Protein chains: 2
Amino acid sequence: MDDARSRLIESTRDLLWERGYTGTSPKAIQQHAGVGQGSMYHHFAGKAELASAAIRSTAEEMVPGFRRHLDGPGSPLERLRAYLLADRDVLRGCRVGRLVQDKEVVADPTLRGPIDDVFSSALERLAAVLREGQHAGEVRGDVAPEQVAITLLSVVQGGFVVARAHQDKERFVAAVEGALSLLTPPEPRRSGKRTGPATPR
Amino acid sequence: MDDARSRLIESTRDLLWERGYTGTSPKAIQQHAGVGQGSMYHHFAGKAELASAAIRSTAEEMVPGFRRHLDGPGSPLERLRAYLLADRDVLRGCRVGRLVQDKEVVADPTLRGPIDDVFSSALERLAAVLREGQHAGEVRGDVAPEQVAITLLSVVQGGFVVARAHQDKERFVAAVEGALSLLTPPEPRRSGKRTGPATPR
DNA sequence: GTCTATAGGAGGATAGAC
DNA sequence: GTCTATCCTCCTATAGAC
């Protein structure tokens with residue numbers, strides 16, 4: 001798979017990640033891929049079609065990515081933790097999440113569709129694992145799994161944003177650690193008084 | 001304040017929100033503001049300087065925006081709820097959050113600085129209100145306020161992203177409702193068994 | 001302060017030769 | 001399949017007149 005077509009898709013994936021849709025030009029793609037003008041327009045009708053292929057490629061490879069954690073070994077809570085704390089290139093942001101800022105991406109169903117799909121797929125798995133966790137008593141039982149799944153996906157996506165704003169990867173870690181700390185059922189309380197933070201100050 | 005300078009800043013704010021930094025051209029700003037080429041370059045050295053002024057303007061007006069909720073009337077939890085559920089143009093995204101995807105914004109301290117500042121300011125207030133809520137017994141006491149503050153800001157920022165990906169404002173609402181449901185101290189449990197979701201299915 | 005002119009390069013694509 | 005030529009518009013300014 002080292003033909004021009006594959007290299008074009010690969011380059012587009014990289015550039016979309018780094019510069020977004022608007023910021024990625026056909027010329028830049030060609031140069032990054034080491035492929036001529038004519039070659040690119042032979043394989044793809046234009047920028048949008050190429051981007052569509054690249055986004056689909058990225059989206060499709062993300063599914064096994066999070067499934068590996070969410071459907072992996074360990075207790076439900078351990079799997080959630082594995083997903084949330086998975087190794088990520090935090091300061092670069094989410095390959096698909098960053099694209100939804102682009103007007104053109106959101107306006108074009110062939111560009112937005114794959115992103116919609118990965119997110120839906122992730123939400124489904126997250127909700128399922130949360131439910132499992134509730135049955136196991138690892139996750140507090142008085143919350144709605146489908147809703148909290150959206151919360152968790154948002155923490156991840158927002159963690160990228162906050163970390164980039166501060167140029168500090170640790171913000172992402174703090175965001176997901178905070179979410180994890182809220183997920184577990186707390187120790188039973190006696191009265192209405194608090195028990196104090198687990199990590200004081 | 002209806003002079004050319006103000007109109008340029010106002011237009012830049014709008015266009016940055018809609019198209020991001022890369023997607024916003026001087027020409028588009030001029031047309032949107034009804035101001036000529038020469039006028040723009042008289043008031044500002046170039047695109048970056050104009051964007052810097054616009055971002056600073058936006059960032060500065062956001063602080064009283066969230067303070068109004070977080071420092072407002074009501075119990076700590078009510079204030080957090082007011083902030084998280086505040087009226088937002090969800091599908092348009094966050095005026096400042098969306099900008100940190102832009103390479104150029106993150107690379108230029110005069111562009112990223114104001115964003116860094118609003119976020120820091122929001123985190124500080126969120127942590128303070130969370131602490132208050134813990135003292136009042138409204139927020140579970142066994143979590144770290146500074147960390148959960150980052151989680152909440154991430155939920156908001158990520159809620160924008162997820163909602164845009166699905167083109168569904170309700171995803172944002174679900175994300176923050178889920179976060180709120182995790183914040184409160186749960187009813188004391190008897191054994192290791194769950195009590196069942198408050199909102200089943 | 002604002003206008004017009006000018007400019008070199010990039011963006012996005014089409015056409016036809018090889 | 002790939003290459004080169006060509007096209008028209010936009011991008012981001014600079015220069016100088018009014």
Side-chain angles (χ1 to χ4, degrees), chain A residues 1-57 98-99 101-112, chain B residues 1-55 98-99 101-112:
Chain A
M1 295 282 197
D2 198 28
D3 54 349
R5 193 170 198 286
S6 314
R7 285 212 310 286
L8 283 166
I9 292 182
E10 185 59 35
S11 296
T12 305
R13 284 165 42 109
D14 288 353
L15 291 173
L16 286 179
W17 191 14
E18 190 184 328
R19 314 185 188 176
Y21 184 81
T22 302
T24 298
S25 70
K27 175 176 290 191
I29 295 170
Q30 293 151 24
Q31 291 173 344
H32 188 277
V35 158
Q37 184 107 318
S39 180
M40 183 193 124
Y41 281 100
H42 170 74
H43 290 289
F44 298 95
K47 175 178 169 176
E49 193 176 302
L50 181 42
S52 175
I55 294 175
R56 247 180 297 125
S57 159
R98 75 142 295 162
L99 293 174
Q101 302 292 356
D102 266 290
K103 252 177 91 73
E104 298 100 318
V105 170
V106 161
D108 185 339
T110 74
L111 300 180
R112 185 175 66 85
Chain B
M1 298 278 195
D2 199 29
D3 53 347
R5 193 169 199 284
S6 314
R7 288 212 308 286
L8 283 166
I9 292 181
E10 185 59 34
S11 296
T12 305
R13 284 165 43 107
D14 289 353
L15 291 173
L16 284 179
W17 193 13
E18 190 185 328
R19 314 184 188 175
Y21 184 81
T22 303
T24 297
S25 69
K27 173 177 291 191
I29 295 170
Q30 293 150 24
Q31 291 173 343
H32 187 279
V35 157
Q37 184 106 319
S39 181
M40 184 194 123
Y41 281 100
H42 169 72
H43 291 289
F44 298 94
K47 175 178 170 176
E49 193 177 303
L50 182 42
S52 176
I55 294 175
R98 75 142 295 161
L99 292 174
Q101 303 292 355
D102 267 291
K103 251 176 91 71
E104 297 100 321
V105 170
V106 161
D108 184 339
T110 75
L111 300 180
R112 184 175 67 83

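Here is the naming used below: chain letters follow the sequence lines, and residue numbers restart at 1 for every chain. Worth knowing before you read on, the calculation uses all heavy atoms, side chains too, and leaves out hydrogens, waters and symmetry mates. These numbers come from a predicted model, not from an experiment.
Among the atoms of the strands shown, base atoms are found under 4.0 Å from some heavy atom of A/G38.
For the pair A/K103 and A/Y21, the cation-pi test (distance below 6.0 Å, angle within 45°) is failed.
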**Request:** Assign a letter to each nucleotide of nucleotides 6-13 of chain C from its 5' end: B, base within under 4.0 Å of a protein heavy atom; S, sugar-phosphate only; -, no contact.
**Result:** -----SSB
Using a 3.5 Å cut-off and no angle test, enumerate the donor-acceptor pairs between side-chain atoms of residues 32-45 of chain B and protein atoms at least two apart in sequence or in another chain.
{"residue": "B/H32", "atom": "ND1", "partner": "B/S11", "partner atom": "OG", "Å": "2.9"}
{"residue": "B/Q37", "atom": "OE1", "partner": "B/Q30", "partner atom": "NE2", "Å": "3.3"}

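The CD1 atom of B/I55 sits 11.5 Å away from atom CZ of B/R112, with the distance rounded to the nearest 0.5 Å. To the nearest 0.5 angstrom, A/I29 atom CD1 is 13.5 Å from A/R7 atom CZ. Here the CG-OG1 distance, from B/L99 to B/T24, works out to 8.5 Å after rounding to the nearest 0.5 Å.
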**Prompt:** Does the pair A/E10 and A/R13 meet the rule for a salt bridge (Lys or Arg N to Asp or Glu O under 4.0 Å), with working shown?
**Reply:** CA-CA 5 Å; A/E10 185 59 35; A/R13 284 165 42 109; 3.7 Å; yes
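Protein chain B contacts DNA chain D from D/dC11 to D/dT14, reading 5' to 3' and using non-hydrogen atoms of the protein with a distance under 4.0 Å.
Judged purely by atom type and a 3.5 angstrom limit, B/T12 uses its side chain to pair as donor or acceptor with the backbone of B/L8.
Side-chain atoms of A/T22 and B/R19 include no donor-acceptor pair closer than 3.5 Å.
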